[in-house]
Protein chains: 2
Amino acid sequence: MHRHRTPARRATSADVARLAGVSRTTVSFVLNDTPSQSISAGTRRRVLDAARELSYAPSAEARALGRGRSTSVLLYLPPAGSLTEDIGVIVERLSVLFSEVGLSMVIHAWTRRPAAQVWSSVTPAAVLAWDLAEDDAERMRRSGVRGVVSWTGSDDMGRWITGLRERDIARVQVQRLVAAGHTHLGYAITGGEHMHGVSQWRFEVLQRECAARGLPRPSALPLPADPRGAADVLLQWRERHPGASGVCAHDTTAALAVLCGMRRLGWKAPADLAIVGVNDSPAAALADPPLTMVALDPEVTARHIVAVINALVRDEPAPSPPDTAGAFTVDRESV
Amino acid sequence: MHRHRTPARRATSADVARLAGVSRTTVSFVLNDTPSQSISAGTRRRVLDAARELSYAPSAEARALGRGRSTSVLLYLPPAGSLTEDIGVIVERLSVLFSEVGLSMVIHAWTRRPAAQVWSSVTPAAVLAWDLAEDDAERMRRSGVRGVVSWTGSDDMGRWITGLRERDIARVQVQRLVAAGHTHLGYAITGGEHMHGVSQWRFEVLQRECAARGLPRPSALPLPADPRGAADVLLQWRERHPGASGVCAHDTTAALAVLCGMRRLGWKAPADLAIVGVNDSPAAALADPPLTMVALDPEVTARHIVAVINALVRDEPAPSPPDTAGAFTVDRESV
DNA sequence: CCATCAAGCTAACACGCGTTAGTGTGCACT
DNA sequence: AGTGCACACTAACGCGTGTTAGCTTGATGG
């Protein structure tokens, strides 16, 4: 290996100790505010000055090695493409919030096998996966991973997300449509394999929400993402459900697909069909007509995820989940 | 959290050594294929079997501690919100490609100060930032970070991205519009602070491209992201540039904003104004009319980034950048 | 028969940190 | 004067690797 002329060596706690004229142990005590130790004011100041002078920062690796657990959280991304959806915003917030509690986030794409290589060599403090088989989760725990949590799995986190979050969305969507006088609803979704995972769950929650309000059972409306196809499907759907006057879309794309099909058929929103989408985006505001959307505050979800994982890592009792996912309506003109 | 009866300790190389009946050093020699050491076939097999039996994976932290540098690449995210744009797709690919060459990607949000804490405590092998002041980059190199690269900076990577990529986009956009008979062009963009960073560069490249073809100088068209505002600005812009018949939009949102303003004014695309957007998305396909878009192959950019950083980390000569960013046109009806 | 050497393996160190056990003060109380 | 004790600090260990120097053994050449 080639050595640079300036050794490019980072400052260690030994350097700080040397400069401050104390032992390395004292440096550690000062910088970590070890409660069982008392340090004289003079020494404390000298150490802090030296640390600042050398712009010292402890090595995360060495710390992890000693404590037996790292400070990195491994995030397995959902299937390709989802980072550009609302998940992307949550991930951005996660990276900030994790670093605020001293954890750093390693992201890795989801492959067929949960990449034993990755999670076992990085020794993450926790793993946050999209969906996780129970035996994989168990294997991770065996290898020393403190917190294993999945978005759509059967653990607490998964239940909160697919429970409260999805229910909040469905509730606010239905509420908004009912307020406008629509009782016979549909559930619009785009994409190849319909009704799997989140979409399946959302649809069920939607049905439950309607049942609770005494409304007729909502019907599924799986749309292709091209104008002509959307129009065809929409027309057939209307014939089969003549009373339907409102649509809950799964996301922005589904809402746009409905709108697009309607335009081709000469229908007007909300007169011929009212639409409430999910996840507000610029595209929704610029649609014709501008789309009424339901959004969840990403901050609520991000904070809860970080709180749960942080508690797991520190062996503290898990915080109780928030009782709202922060759903709110962005009223425009499609309903 | 529930504690298992087995302490959930991961296997170490000492465990493998014990099971194989050899020393820890031998285990290391076998597993790393140390070229200067010869190992008998029998011992090699016993070690490998033991490693498999215990599903041993070396601790990344301990390895990093010894080698003085980790295998993690620190990615500083662009300003909030960009993960949901085309950057998100590139980031997804990066996470896969990095792991294929044995690097793992740590992502962190960009804060005001480049968070000395993060990059100095994780000891990343490389840092990939959005925009980076030269003194910050220098400080990172001083601390042992091998590769410091920024998307929009003045290093090789930045020049490739803001050079070739942006030029490819501008070239294909102009080419498409010229082919349809439009010569007097505009550059549409949304968002508060216009003409900064990438948008500024794109605009300049666009001007150069038009100049090279002998076309009149394109004019900027900064739009608000709401229907009424967009219409107003569009109308004023038309009065000031009566000959303009084609618009290069900066991204999907800008293209939708133009479309939205036109709709309010009763203009038809492409008859009254032709539009070419950037970064194909479902929203573009579902617009009215469906938008013609120019897209860059994210794979080309992701591969180049990984190749450059991998070379820097291994002290190998940097690969020459690809001479195309993989630009292609998705023809629909807006031009 | 002795010297040389390669093959195959192991003891021991360094990496940077947190932490436990211990050491030497100076002061208060009996 | 002797005991106890809080105070301020340090030596030394362990975490799991990669790596260097050295050690044994058997074979080979003179």
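Heavy-atom basis, side chains included; hydrogens, waters and symmetry copies ignored. Note on naming: letters A, B, ... go to the chains in the order of the sequence lines (proteins, then strands), and numbering restarts at 1 for each one.
- Base contact: A:Ser28 has a heavy atom under 4.0 Å from a base atom.
- Distance B:Glu61 CD to D:dG18 P: 13 Å, rounded to the nearest Å.
- When rounded to the nearest whole Å, the span between CG of A:Asp33 and P of D:dA8 equals 14 Å.
- Under 4.0 angstrom from either OP1 or OP2 of D:dC9 there lies at least one side-chain N or O belonging to A:Ser40.
- B:Thr26 comes within 4.0 angstrom of a nucleotide base, judged by non-hydrogen atoms across all strands.
- Counting non-hydrogen atoms under 4.0 angstrom, B:Thr34 reaches nothing in the nucleic acid.
- A salt bridge between A:Arg159 and A:Asp155 is absent, with no side-chain N of the basic residue lying under 4.0 Å from a carboxylate O of the acidic one.
- If you measure from atom CZ of A:Phe29 to atom P of C:dC17, you get 15 Å, rounded to the nearest angstrom.
- The distance from atom CG of A:Leu65 to atom P of D:dT17 is 9 Å, rounded to the nearest whole Å.
- The separation between B:Arg67 atom CZ and D:dT19 atom P is 6 Å, rounded to whole Å.
- Contacts of A:Gly68 with the nucleic acid, taken as non-hydrogen atoms under 4.0 Å apart, are absent.
- Taking for each of B:Arg46 and B:Gly66 the nucleotide of DNA chain C with the nearest heavy atom, the 5'-most of the two is the partner of B:Arg46.
- Side chain of A:Thr34 to main chain of A:Gln37: no donor-acceptor pair is present (N/O by atom type, distance under 3.5 Å, no hydrogens or angles).
- Salt-bridge check for A:Arg46 with A:Glu53: failed, with every basic side-chain N at 4.0 Å or more from each acidic carboxylate O.
- Using a 4.0 Å cut-off between charged nitrogen and carboxylate oxygen, B:Arg45 and B:Asp49 count as a salt-bridge pair.
- In this model, the phosphate group of C:dT10 is approached by a side-chain N or O of B:Ser23 to a distance below 4.0 Å at OP1 or OP2.
- Distance, A:Arg18 CZ to D:dC9 P: 19 Å, rounded to whole Å.
- Nucleic acid contact for B:Ser13: sugar-phosphate only, since backbone atoms but no base atoms lie under 4.0 Å from a heavy atom of the residue.
- Checked by distance alone, A:Thr25 brings a side-chain donor or acceptor within 3.5 Å of a matching partner on the base of D:dA11.
- Atom CZ of A:Arg44 is separated from atom C1' of D:dC9 by 13 Å (rounded to the nearest Å).
- The base of D:dT17 lies close enough to the side chain of B:Arg24 for a donor and an acceptor atom to sit less than 3.5 Å apart.
- OP1 and OP2 of D:dA8 both lie 4.0 Å or more from every side-chain N or O belonging to A:Thr43.
- Nearest to the side-chain atoms of B:Asn32 among the listed nucleotides C:dG16, D:dG16, D:dG18 stands D:dG18.
- Position along DNA chain C of the nearest nucleotide to A:Ala14 versus A:Gln37 favours A:Ala14 as the more 5'-ward residue.
- Salt-bridge formation is detected for the pair A:Arg44/A:Asp33: a Lys NZ or Arg NE/NH1/NH2 atom is positioned less than 4.0 Å from an Asp or Glu carboxylate oxygen.
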Worked verdict on B:Arg69 versus A:Glu61 for salt bridge (charged side-chain N to carboxylate O under 4.0 Å, His left out): CA-CA 9 Å; B:Arg69 122 183 24 107; A:Glu61 292 89 355; over 6 Å; no
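- Rounded to an integer number of Å, the gap from A:Arg45 CZ to D:dC9 C1' is 18 Å.
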